[in-house]
Novice: 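Below is the structure I would like to discuss, written out as structure tokens.
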Amino acid sequence: MTIHLLKLCVGADTIDDLAAWRDICLKEAKKKKRPPLMPHVTRMHPRRESEILDGGSLYWVIKGFISARQRVERLEPVIGADGIERCAILLDPEIIPTQAQARRPFQGWRYLKVEDAPGDVGKGAATDMPPQLHAELSELGLL
């Protein structure tokens, strides 16, 4: 049974900001001859690893709205510079825009049930509009 992760995208104001961060990660991976995956390091290792790796994604909350997702490829333990073990969430580099869904701030990550996850925005859809406008138009059935 699949489950997703939900995480605040700190430091990014748009999906384009997330894509720029991804591009930096991919250049670094290429230099170090690592697989082309985007790592995101978090303090805690998810206990429901098998469910996440069964097709789960990391849904990004950008400026108060779930706006995009990336498929989770692997979870790996890493040791930080302070000697504390953390979890590297290795993400597929493809960033998939989603329907905007409002979320309040939270710390860390949360599990997100498949039935609660917003749908993907189709190719060619307007993804550069502000998330709040996208959410309002979706609620009215206009998107």
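Atom set for the values below is all heavy atoms of this structure, side chains included, hydrogens, waters and symmetry mates excluded.
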Novice: Compare all side-chain heavy atoms of W60 with those of Q70 and state whether any distance is below 4.5 angstrom.
Specialist: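 SC-SC contact between W60 and Q70 confirmed.
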Novice: Flag the pair Y59 / T98 as yes when at least one side-chain heavy-atom distance between them is below 4.5 Å, and no otherwise.
Specialist: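 Result yes, sub-4.5 Å side-chain heavy-atom pair found.
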Novice: Any donor-acceptor pair under 3.5 Å linking the side chain of R74 with the backbone of V72?
Specialist: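 No.
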Novice: If I take atom SG from residue C87 and atom CH2 from residue W109, how far apart are they, to the nearest 0.5 angstrom?
Specialist: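 So the gap between those two atoms works out to 8.0 Å.
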Novice: Which value, rounded to the nearest 0.5 Å, describes the distance between I96 atom CD1 and I15 atom CD1?
Specialist: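 Those atoms lie 11.0 Å apart.
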Novice: Could you give me the CA-CA distance, side-chain angles and deciding distance for L6 and Y111, then say whether side-chain contact (heavy atoms from CB on, under 4.5 Å) is met?
Specialist: CA-CA 6 Å; L6 182 65; Y111 291 115; over 6 Å; no
Novice: Enter the distance from Q99:CD to S67:OG here, rounded to the nearest 0.5 Å.
Specialist: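 Q99 CD to S67 OG: 11.5 Å, rounded to 0.5 Å.
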Novice: If I take atom CG from residue D116 and atom NE2 from residue H4, how far apart are they, to the nearest 0.5 angstrom?
Specialist: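 Result: 9.5 Å between the selected atoms.
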Novice: Strictly distance-based, threshold 3.5 Å: is any side-chain N or O of R103 a donor or acceptor partner for the main-chain N or O of G64?
Specialist: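 Such a contact is absent between R103 side chain and G64 backbone.
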Novice: Check residues 36-58 and write down every donor-acceptor pair under 3.5 Å in which the side-chain atom is one partner and the other belongs to a residue at least two apart or another chain.
Specialist:
from: H45; atom 1: NE2; to: E49; atom 2: OE1; distance (Å): 3.1
from: R48; atom 1: NE; to: E51; atom 2: OE2; distance (Å): 2.9
from: R48; atom 1: NH2; to: E51; atom 2: OE1; distance (Å): 3.0
from: D54; atom 1: OD2; to: M1; atom 2: N; distance (Å): 3.4
from: S57; atom 1: OG; to: R69; atom 2: NH1; distance (Å): 2.7

Novice: Can you find a heavy atom in the side chain of I3 that is under 4.5 Å from one in the side chain of V114?
Specialist: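 Result no, sub-4.5 Å side-chain heavy-atom pair not found.
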Novice: Test side-chain contact (heavy atoms from CB on, under 4.5 Å) on E28 and R34 and set out the steps.
Specialist: CA-CA 8 Å; E28 189 69 24; R34 293 188 312 223; 4.1 Å; yes
Novice: Locate the shortest heavy-atom distance separating P77 from E85; write the atom from each residue and the value.
Specialist: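 Smallest heavy-atom distance, with atoms named: CB-OE2, 3.6 Å.
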Novice: Taking all non-hydrogen atoms of both residues, which atom of A12 and which atom of I62 are closest, and how far apart?
Specialist: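 Nearest pair, atom of A12 first, then I62: O-CG2, 3.5 Å.
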Novice: Should L91 and R71 count as side-chain neighbours, where that means a heavy-atom distance under 4.5 Å?
Specialist: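 No, their side chains stay 4.5 Å or more apart.
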Novice: About how many Å separate CD1 of I95 and CG of D16, when rounded to the nearest 0.5 Å?
Specialist: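 Atom-to-atom, D16:CG and I95:CD1 are 9.0 Å apart.
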Novice: Please step through side-chain contact (heavy atoms from CB on, under 4.5 Å) for the pair L5 and I89, ending with a clear verdict.
Specialist: CA-CA 10 Å; L5 292 174; I89 304 169; 3.9 Å; yes
Novice: According to side chain to side chain contact (heavy atoms under 4.5 Å, CB included), who are the partners of L8, at least two apart in sequence or on a separate chain?
Specialist: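 Partners of L8 under the side chain to side chain contact (heavy atoms under 4.5 Å, CB included) test: V10, V61, F106.
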Novice: Indicate yes or no: at least one non-hydrogen side-chain atom of L90 is less than 4.5 angstrom from one of L75.
Specialist: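 Result no, sub-4.5 Å side-chain heavy-atom pair not found.
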